[in-house]
Amino acid sequence: LRSICGDDGVSQGEAIREQHGKDESMHRCRPPDVVVFPRCVEEVSALARVCHKHHLPIIPFGTGTGLEGGVGAVKGGVCFSLRKMGQVLDLHQEDFDVTVEPSVTRKALNAYLRDTGLWFPVDPGADASLCGMAATSASGTNAVRYGTMRESVLNLEVVLADGTILHTAGKGRHPRKTSAGYNLTNLFVGSEGTLGIITKTVLRLHGIPEATVSAVCSFPSVQTAVDSTVQILQAGVPIARIEFLDDVMIDACNRYSALSYQVTPTLFLEFHGSERSVEEQVKITENITQSNGGSDFQWARDAETRNRLWKARHDAWYASLALRPGCKAYATDVCVPLSRLPQIIVETKDDLIENRLTGPIAGHVGDGNFHCLIVLDPSDPEELQRVHLFTDRLARRALAMSGTCTGEHGVGLGKKALLREELGPTTIQVMQLLKDALDPKNLMNPGKIL
Ligand SMILES: Cc1cc2nc3c(=O)[nH]c(=O)nc-3n(C[C@H](O)[C@H](O)[C@H](O)COP(=O)(O)OP(=O)(O)OC[C@H]3O[C@@H](n4cnc5c(N)ncnc54)[C@H](O)[C@@H]3O)c2cc1C
């Protein structure tokens with residue numbers, strides 16, 4: 001390995017291995033045996049060939065912000081930390097796309113794009129690497145308008161387990177649409193490092209909107225907040241963000257971020273467009289929320305107030321943790337058809353109360369996707385067991401409502417059994433055939449997804 005990426009490109013130090021063997025989840029992860037830091041795709045390919053020859057597991061590492069234990073080295077092996085590959089390449093302003101290497105994060109890309117009038121909207125809150133986001137099919141607050149990573153990736157460069165370099169949509173190609181053959185790009189989006197190492201991602205960009213306005217609205221119940229969301233979407237309002245926070249979560253955010261919103265179910269909204277179109281969107285939305293008993297909007301028009309508002313939303317994880325200092329947080333991530341959202345949230349809140357769990361809820365409600373951020377004491381086995389049973393019940397509730405056990409965090413270590421229930425044996429079998437075809441020695445991130 002040293003002969004490929006140099007002495008400082010290989011580490012067996014305990015601290016480095018520990019750091020690369022865990023993410024932000026509570027899954028107990030094992031560190032890899034060694035961490036390598038390749039500088040280019042040729043080095044990634046050469047390192048993979050060595051691993052292939054010696055039957056060593058390969059675990060790709062982005063920024064370690066994953067929430068499903070995806071980077072844990074369950075069978076030991078070699079962690080490929082891609083942090084030395086951090087170039088933004090091939091910006092095509094007139095084509096609205098850009099190519100990035102694996103360690104470019106979404107914030108770094110948007111800083112790079114600042115003067116171009118373009119931006120990349122997929123925003124999981126954490127400043128994750130864009131290739132890691134492709135690997136987990138991430139989404140977040142802007143997905144209701146701009147789509148998830150699935151809609152945003154135009155092409156990928158991937159190194160397979162045997163070192164082969166593949167371009168999923170053909171080398172150098174970046175058309176905005178294609179119907180050319182199997183969609184290999186979207187096979188790798190969401191593959192969580194189990195099919196190959198993503199070494200370049202071609203991303204679709206968007207124009208920065210002329211006007212942006214954010215607002216906060218409080219509701220008498222979960223049902224009225226979600227009804228408003230559905231009606232806003234039905235009215236064709238191209239809402240950019242519509243985030244739900246339950247009473248427990250808004251209370252936590254108030255305390256953590258020094259805010260003073262009403263402690264009831266709340267929507268954080270954002271509108272993008274021209275001045276006139278934003279004005280019209282706001283008018284329609286206000287009519288809808290008021291007809292559902294919503295409060296007057298509290299506005300965030302200037303960039304500073306807007307940033308403060310969305311920082312508070314993105315800090316929801318830390319606000320939840322602050323509810324029980326010294327505890328850990330466990331994020332659930334189910335997604336259901338919109339019509340089932342009020343029912344599942346109400347049932348979940350009842351379940352939390354019945355089982356004496358602290359679990360503020362925040363959701364990308366426009367997509368039917370929500371998270372329960374359960375704050376628990378990891379040294380209390382009885383509480384851990386209650387959380388475990390709760391999360392299983394929640395996922396099964398989502399499946400029973402024709403939803404999914406993961407809207408955006410992925411399967412990782414924790415949801416393999418649920419994935420089988422969700423997809424059924426035939427679909428799992430076809431996935432296994434694909435995995436076997438691309439990685440017959442099962443070296444790529446073994447123990448995840450399947
Ligand atoms: C506070 C907080 C809030 C979050 N909110 C959201 C949210 O709203 N929406 C959302 O979608 N996610 C959210 N996440 C989860 C996380 O940010 C995403 O899963 C992110 O996409 C992970 O990217 P990463 O670079 O950190 O990947 P890592 O954690 O490093 O890796 C995740 C998985 O991808 C694989 N992987 C990483 N890089 C590559 C690569 N180059 N090639 C192949 N496989 C690779 C790894 O092997 C692993 O299986 C949140 C996380 C935190 C901590």
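Both ligands and their constituent atoms are indexed starting at 1 by order of listing.
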>> Ring-plane angle category for H272 and Y146, please: parallel below 30°, perpendicular beyond 60°, tilted otherwise.
In response: tilted
> What orientation do H92 and H174 show, parallel under 30°, tilted 30 to 60°, or perpendicular over 60°?
Replying inline: parallel
Is there a nitrogen or oxygen of [X] sitting under 3.5 Å from a nitrogen or oxygen of ligand 1?
X	value
H314	no
G70	yes
G62	yes
A135	no
H371	no
D123	no
G64	yes
E24	no
Y318	no
G125	no

> Heavy-atom contacts under 4.0 Å between T136 and ligand 1: side chain, backbone, both, or neither?
Replying inline: side chain
>> Below a 4.0 angstrom heavy-atom separation, can you tell me which part of T141, side chain or backbone, both or neither, approaches ligand 1?
In response: neither
>> Please check this pair: side chain of R340 against backbone of C335, looking for a donor-acceptor N/O pair closer than 3.5 Å.
In response: no
>> Minimum distance, heavy atoms only, to atom 13 (C) of ligand 1: which one of A143, G190, A316, P124 is it?
In response: P124
> At what distance, to the nearest 0.5 angstrom, does OG1 of T63 lie from CG of D127?
Replying inline: 7.0 Å
> Would L113 and L205 count as a side chain to side chain contact (heavy atoms under 4.5 Å, CB included) if you check the C-alpha gap in whole Å, the side-chain angles of each, and the deciding distance to 0.1 Å?
Replying inline: CA-CA 10 Å; L113 293 172; L205 300 175; 3.8 Å; yes
